[in-house]
Enquirer: 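Once you've had a glance at the structure underneath, I'll fire off some questions.
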Amino acid sequence: WPGADSHWRAPRGRKAAGRPGAGPGAPPGPGPHQDTGDILQQIMAITDQSLDEAQARKHALNCHRMKPALFSVLCEIKEKTVLSIRGIQEEDPPDAQLMRLDNMLLAEGVSGPEKRGRGGPSAVAATSGGCPNDNSIEHSDYRAKLSQIRQIYHSELEKYEQACSEFTTHVMNLLREQSRTRPISPKEIERMVNIIHGKFSTIQMQLKQSTCEAVMILRSRFLDARRKRRNFSKQATEVLNEYFYSHLSNPYPSEEAKEELAKKGGITVSQVSNWFGNKRIRYKKNMGKFQEEANIYAAKTAVDATTVVAQGNQANSPSTPSSGKSGPSHQS
DNA sequence: GCGCATGATTACAC
DNA sequence: GTGTAATCATGCGC
């Protein structure tokens, strides 16, 4: 080490103090303790020097034969003191909130595979009032907005991940570079990477949180919309009333009958169930009020039955074409 | 704006 | 899960 030798042998103001064999030409560091002491002194004093001087000293220190041994000892000391304390403090408990957010985003179809068809809010849409077209409009609107949220979420997440990866690589390179001049063990680099990932996952959690909030707002708006009541069409009310009054002794349509009524009225099965629930209780509470209505539908049913009979007779007569109203009967 | 009608929701019982 | 009863919230005619 021709160039570096002078540095080792001539520390400021402490030139080979009482060190045998440390004179010019002698191999550096005959006594391990004194040699190490010298090196440490030089390291301590390096900040007092000018930049050029310090650079030269650093280079010399790097080339010292004791450097690898000293370096690993310093790494070990650092590991045992500072890092071990920090390590204990930074043991993260499993983050329940993050898990909750992840689960919610998954359930809402924001993260994970995109949900298609009848899932999630579509079931809610099926129970909303009004014509079926309105449901599909609300549904497609909801899905479009959810898809927008999903898109933003993934794009932001990707950005964060890319930034995290770039920053981690940068810091790792920096630490590797610095590990040539100060005690940075691979373990410490790894720990630093974990810290960076931790910081970025905090940012990601904020993103997840705001995404969840956006979904909740969208959902609440959508759920509010379902309460908007629209009266059934005349056709639907007619079909339901006909069934109700023709089954007055037992106004409990079977599942099949409900489906049939729903189809005829252009409403959902649950709307049929709601209607019958309301009708039964309201009829029972005020039979007098519904009497007129009951008479009208009873007469209507009778007319329908007569029409069907008449049509049957006409069909049997070869000379008469079918003429009456089309009207499938709702016979009980 | 008011009152009634009506579809939807909720709590409860079975 | 279904039905009942009460209630809410909106539509609609006046």
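Residue numbers begin at 1 in each chain, while the letters A, B, ... track the order of the sequences. The model shown is predicted, which means the values in this text are computed figures rather than measured ones.
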Enquirer: Rounded to the Å, how far apart are A/Trp275 CH2 and B/dA5 C1'?
Expert: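 Distance check: A/Trp275 CH2 to B/dA5 C1' gives 13 Å.
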
Enquirer: Base, sugar-phosphate alone, or nothing: which one does A/Arg280 contact when heavy atoms must sit under 4.0 Å apart?
Expert: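 Since only primed, P, OP1 and OP2 atoms lie under 4.0 Å of A/Arg280, the category is sugar-phosphate.
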
Enquirer: Salt bridge or not between A/Lys159 and A/Glu156? Use side-chain N to carboxylate O under 4.0 Å.
Expert: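 Looking at A/Glu156 together with A/Lys159, the answer is yes, because their closest N to O distance falls below 4.0 Å.
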
Enquirer: If I take atom CG in residue A/Asn278 and atom P in nucleotide C/dG3, what distance separates them, rounded to the nearest angstrom?
Expert: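 Taking atom P of C/dG3 as the reference, CG of A/Asn278 is at 13 Å.
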
Enquirer: If the cut-off is 4.0 Å, is A/Arg230 near the phosphate of C/dT10, judged by side-chain N/O to OP1 or OP2?
Expert: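 Negative; the distance criterion is not met.
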
Enquirer: Between atom CG in A/Asn274 and atom P in C/dA9, what is the gap in whole Å?
Expert: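 Going from CG in A/Asn274 over to P in C/dA9 covers 16 Å.
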
Enquirer: Between A/Phe244 and A/Tyr283, does the ring centroid distance fall short of 6.0 Å?
Expert: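 Ring centroids of A/Phe244 and A/Tyr283 are less than 6.0 Å from each other.
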
Enquirer: Does any N or O donor sit under 3.5 Å from an N or O acceptor when you compare the side chain of A/Asn231 with the base of B/dA5?
Expert: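 Not at all, since no donor on one side and acceptor on the other fall under 3.5 Å apart.
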
Enquirer: B/dG7, OP1 or OP2 - any side-chain N/O from A/Lys279 closer than 4.0 Å?
Expert: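 For B/dG7, neither OP1 nor OP2 has a side-chain N or O of A/Lys279 closer than 4.0 Å.
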
Enquirer: Please state how far atom CG in A/Leu240 lies from atom C1' in B/dA8, giving the value in whole angstrom units.
Expert: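 In whole Å, B/dA8 C1' lies 15 Å from A/Leu240 CG.
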
Enquirer: In whole Å, what is the span from the CZ atom of A/Arg282 to the P atom of B/dA8?
Expert: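 Atom-to-atom, A/Arg282 to B/dA8, this comes out as 11 Å.
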
Enquirer: Which nucleotide in the list C/dT4, C/dT7, B/dT9 gets nearest to the side chain of A/Ile281?
Expert: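 Output: C/dT4.
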
Enquirer: Which of the following nucleotides, C/dG3, C/dA6, B/dG7, is nearest to the side chain of A/Lys258?
Expert: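 Per side-chain heavy atoms of A/Lys258, the pick is C/dG3.
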
Enquirer: Just verifying a value: how many Å separate A/Ile189 CD1 and A/Gln178 CD, rounded to the nearest 0.5 Å?
Expert: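 The CD atom of A/Gln178 is 9.5 Å from CD1 of A/Ile189, to the nearest 0.5 Å.
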
Enquirer: Going only through I, L, V, M, F, W and Y residues with side-chain contacts under 4.5 Å, is there a path from A/Val239 to A/Val272?
Expert: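 Both belong to a single hydrophobic cluster.
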
Enquirer: Does A/Tyr252 make a side-chain N or O approach to OP1 or OP2 of C/dT4 shorter than 4.0 Å?
Expert: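 Indeed, a polar side-chain atom of A/Tyr252 lies that close.
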
Enquirer: Taking the six-membered ring for Trp, are A/Phe167 and A/Phe200 parallel (under 30°), tilted (30 to 60°) or perpendicular (over 60°)?
Expert: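 Rings of A/Phe167 and A/Phe200: tilted, as their planes differ by 30° to 60°.
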
Enquirer: Which of residues 287-294 of chain A sit near DNA chain C, with a heavy atom under 4.0 Å from it?
Expert: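 The answer is none.
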
Enquirer: Thinking salt bridges, do A/Lys264 and A/Glu259 make one under a 4.0 Å N-O criterion?
Expert: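 Salt bridge absent between A/Lys264 and A/Glu259.
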
Enquirer: Roughly how many Å is it from CZ in A/Phe276 to P in B/dA8, rounded to a whole number?
Expert: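 So the two atoms are 14 Å apart, to the nearest Å.
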
Enquirer: Taking all non-hydrogen atoms of both residues into account, name the closest pair between A/Phe276 and A/Pro253 and its distance.
Expert: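 Scanning both residues completely, I find the closest heavy atoms to be CD2-CD, 3.7 Å.
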
